[in-house]
Participant: 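One structure is given below, represented as structure tokens, and several questions about it will come after.
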There are 2 protein chains.
Amino acid sequence: MTYFLGIDLGGTNIKTGVVDDNGAVVSKHSQPTEGKYGADRVLKNMVDAAQTVVDAAELTLKDMAYIGIGSPGPVDTENGIVISSPNISGWSNYPMRNLIADALGRPTVLANDANAAAFGEYWVGAGASPDIQNLIMLTLGTGVGGGVIVNGQIISGTCGYAAEVGHMIVQPDGRECGCGQKGCLETYASASRTAVRACEMLAKGKASSLQAIYKSDPQQITAKAIFDAAAEGDELANEVIDQTAYYLALACISLTRILDPQMFVFAGGMALAGDALLSRIRQHFDAQNWHAAPNAVTLEIAQLGNDAGLIGAAAIAWDANRND
Amino acid sequence: MTYFLGIDLGGTNIKTGVVDDNGAVVSKHSQPTEGKYGADRVLKNMVDAAQTVVDAAELTLKDMAYIGIGSPGPVDTENGIVISSPNISGWSNYPMRNLIADALGRPTVLANDANAAAFGEYWVGAGASPDIQNLIMLTLGTGVGGGVIVNGQIISGTCGYAAEVGHMIVQPDGRECGCGQKGCLETYASASRTAVRACEMLAKGKASSLQAIYKSDPQQITAKAIFDAAAEGDELANEVIDQTAYYLALACISLTRILDPQMFVFAGGMALAGDALLSRIRQHFDAQNWHAAPNAVTLEIAQLGNDAGLIGAAAIAWDANRND
């Protein structure tokens with residue numbers, strides 16, 4: 001058996017896992033990132049977390065064929081450098097890969113965390129079939145993130161900014177996005193912005209089973225609450241979800257025209273809605289999609305759940321090892 | 001000196017060229033495709049055209065390191081198969097690469113013609129600098145075609161349908177496209193559809209220096225006529241061009257978010273407008289683009305002109321040779 005150490009570096013927690021070459025998690029561990037204390041502290045925490053999780057697997061660092069790190073923000077994968085990080089102070093052109101490789105004594109690779117998670121789904125998740133070599137993941141959370149796999153490889157882009165699918169413009173002169181653009185997919189189809197759209201309609205006093213919740217505590221109007229209401233037949237909730245699905249479908253069609261993938265994988269909190277979301281995206285996808293050529297792309301829900309980050313980090317380690 | 005034979009297979013003409021390893025055209029030749037007479041006739045014409053252009057270069061087929069074919073419609077590059085072709089009867093899953101390789105006795109590669117043309121610009125055109133490894137071409141003609149180069153490789157997609165950038169949806173529920181979708185980039189930003197939009201405004205009687213031309217012969221309202229009128233300050237012409245540029249900019253922003261390229265290259269008839277088009281696309285691109293991260297993408301006009309097709313076909317031959 002070959003083992004890989006995955007380190008999923010989040011703004012809040014460092015999640016580590018020892019993963020075998022079937023993608024099974026042998027041990028896992030989570031501890032605070034403590035990004036506010038600066039880069040050295042985070043590095044020390046990563047090293048500690050790595051040792052802890054390897055110990056928990058009753059293995060040693062020497063048993064790890066490769067270490068993979070998934071880091072937020074843009075990274076220079078070739079040189080193993082974190083270009084910048086939104087949540088960790090002092091990380092600007094930070095040579096993380098070599099620092100970890102030196103500290104842990106094992107060959108190490110680095111990727112953007114969302115890209116790594118997509119690669120995990122490609123390796124042992126929704127896209128695990130060997131036939132699947134072209135896959136696009138969309139993660140529907142506070143924002144809309146993503147990962148693009150072409151011919152079994154992560155597309156990172158020139159400056160590490162590829163696969164920002166949440167910032168495709170799906171509505172000209174549309175809703176304002178935090179990124180400075182208007183009409184980004186994220187402004188319609190993230191879990192948070194889906195809730196915002198519902199709240200806007202509720203604020204106008206439109207009839208809905210969600211009005212009582214909205215009036216007592218608008219924070220409770222989450223994507224989950226909206227899907228729950230829709231399942232009970234609430235019209236407003238259905239309308240909101242339908243618009244989310246519509247824009248996701250438009251984005252998937254444009255992505256299909258550009259990259260001709262085999263599979264879209266939906267992840268993140270809102271993807272927990274499962275078929276209630278997927279069937280609507282598929283409906284709009286089929287209705288809006290061209291008939292100029294046959295199209296065999298499938299839409300799936302991600303399979304790796306809460307372990308997606310650390311399995312993704314292990315996946316890039318697995319990939320580096322197979323290409324070694 | 002190493003030589004490559006490029007065969008650019010068009011619906012009307014077969015253009016062939018002997019191209020050296022600097023991308024210089026040593027000889028070129030054009031003859032009718034005669035697609036209506038079926039696949040065998042076209043194959044014979046390709047063989048004849050290849051021999052003719054090699055003779056014209058005072059070389060032999062044995063001097064050709066590789067042969068490259070650019071073919072319209074989707075192709076299976078790996079197996080050298082034309083999946084389907086809009087203009088040539090009987091070409092369905094047609095093993096063109098091997099047939100040409102057998103007939104001409106040289107190793108042969110096959111790609112979609114638009115992808116090959118993009119690869120030509122990458123090799124010795126607008127993207128010839130070795131620094132440029134990620135490039136997207138948009139060809140503005142009757143439709144909007146394209147090619148996507150990532151890490152120095154053509155992205156063909158799962159079924160040979162990648163890089164159909166003209167069919168990205170840029171306007172939800174927008175103009176109807178021949179492909180069956182609504183709001184495709186092509187319906188706003190091809191040369192033909194730019195002219196259609198102008199004609200729609202002229203039909204409403206809007207004031208314009210183009211009214212006289214429109215009334216005598218609407219066919220004369222071409223993209224070129226519109227750019228000419230805009231250069232003289234015509235307001236309607238400027239408005240039409242501005243909308244074309246706006247949608248091209250939106251598409252380029254979405255493509256930048258997905259693929260993080262270094263360069264966009266604009267080709268095709270309407271790109272002959274040069275800076276009059278490019279400066280407006282750039283203006284909208286800068287105005288609409290995110291400020292979440294620095295962006296170094298450049299917008300350029302294609303450089304290979306009428307030889308783009310055959311140089312592109314030679315470019316994939318050059319690429320196959322370097323990877324041999």
Side-chain angles (χ1 to χ4, degrees), chain A residues 73-74 83-84 86 131-134 136 146 148 150-151 153 155-174 177-185 246-247 249-251 253-263 288-297, chain B residues 73-74 83-84 86 131-134 136 146 148 150-151 153 155-174 177-185 246-247 249-251 253-263 288-297:
Chain A
I83 296 168
S84 66
D131 294 341
I132 304 293
Q133 294 296 320
N134 299 302
I136 298 173
V148 174
V150 172
N151 297 332
Q153 294 185 312
I155 301 294
S156 299
T158 308
C159 309
Y161 282 105
E164 286 284 359
V165 293
H167 299 282
M168 294 171 65
I169 296 175
V170 293
Q171 180 66 61
D173 203 32
C177 185
C179 78
Q181 295 178 180
K182 286 184 182 175
C184 291
L185 175 61
Y246 173 73
Y247 281 110
L250 292 189
I253 290 170
S254 289
L255 286 163
T256 302
R257 294 294 87 78
I258 299 163
L259 292 167
D260 185 15
Q262 292 160 285
M263 181 182 280
Q288 306 292 327
N289 194 24
W290 77 4
H291 47 62
N295 203 300
V297 71
Chain B
I83 297 168
S84 66
D131 294 342
I132 304 293
Q133 294 297 321
N134 299 304
I136 298 173
V148 172
V150 172
N151 297 332
Q153 295 185 311
I155 301 294
S156 298
T158 307
C159 309
Y161 282 105
E164 286 284 358
V165 294
H167 299 282
M168 295 171 65
I169 296 176
V170 294
Q171 179 67 61
D173 204 30
C177 185
C179 78
Q181 295 178 181
K182 286 182 180 176
C184 290
L185 175 62
Y246 174 73
Y247 281 110
L250 292 189
I253 290 169
S254 289
L255 285 163
T256 302
R257 293 295 87 78
I258 299 161
L259 292 166
D260 186 14
Q262 293 161 285
M263 180 182 282
Q288 305 293 327
N289 195 23
W290 76 3
H291 47 62
N295 202 299
V297 71

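First the proteins, then the strands, lettered A, B, ... as listed; each starts at 1.
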Participant: Stepwise, does the side chain to side chain contact (heavy atoms under 4.5 Å, CB included) test hold for Ile136(B) with Ile258(A)?
Facilitator: CA-CA 10 Å; Ile136(B) 298 173; Ile258(A) 299 163; over 6 Å; no
Participant: By a 4.5 Å heavy-atom criterion (distance strictly below it), what part of Pro172(A) contacts chain B: side chain, backbone, both, or neither?
Facilitator: both
Participant: Looking at chain B, which one of Gln181(A), Gln171(A), Gln262(A) has the largest number of heavy-atom pairs inside 4.5 Å, strictly under?
Facilitator: Gln181(A)
Participant: Need one label for Ile155(B): side chain, backbone, both or neither, based on atoms under 4.5 Å from any heavy atom in chain A.
Facilitator: side chain
Participant: Counting heavy-atom pairs under 4.5 Å with chain A, which one of Ala292(B), Ser84(B), Gly174(B) comes out on top?
Facilitator: Ala292(B)
Participant: Which value, rounded to the nearest 0.5 Å, describes the distance between Ile169(A) atom CD1 and Tyr247(B) atom OH?
Facilitator: 11.5 Å
Participant: Checking Asn151(B) against chain A: side chain, backbone, both or neither under 4.5 Å from a heavy atom?
Facilitator: neither
Participant: Tell me, out of Arg257(B), His291(B), Gln133(B), Met168(B), who's got the most heavy-atom pairs with chain A below 4.5 Å.
Facilitator: Arg257(B)
Participant: Please name all residues satisfying side-chain contact (heavy atoms from CB on, under 4.5 Å) with Gln288(B), sequence neighbours left out, ordered by chain then number.
Facilitator: Tyr246(B), Leu250(B), Ile253(B)
Participant: Would you be so kind as to tabulate the donor-acceptor pairs closer than 3.5 Å made by side chains of residues 156-166 of chain A, with sequence neighbours excluded?
Facilitator:
from, atom 1, to, atom 2, distance (Å)
Thr158(A), OG1, Asn134(B), ND2, 3.1
Thr158(A), OG1, Asp260(B), O, 2.6

Participant: Between Leu255(B) and chain A, which part of the residue has a heavy atom less than 4.5 Å away: side chain, backbone, both or neither?
Facilitator: side chain
Participant: Using heavy-atom distances under 4.5 Å, tell me whether Val297(B) contacts chain A through its side chain, its backbone, both, or neither.
Facilitator: neither
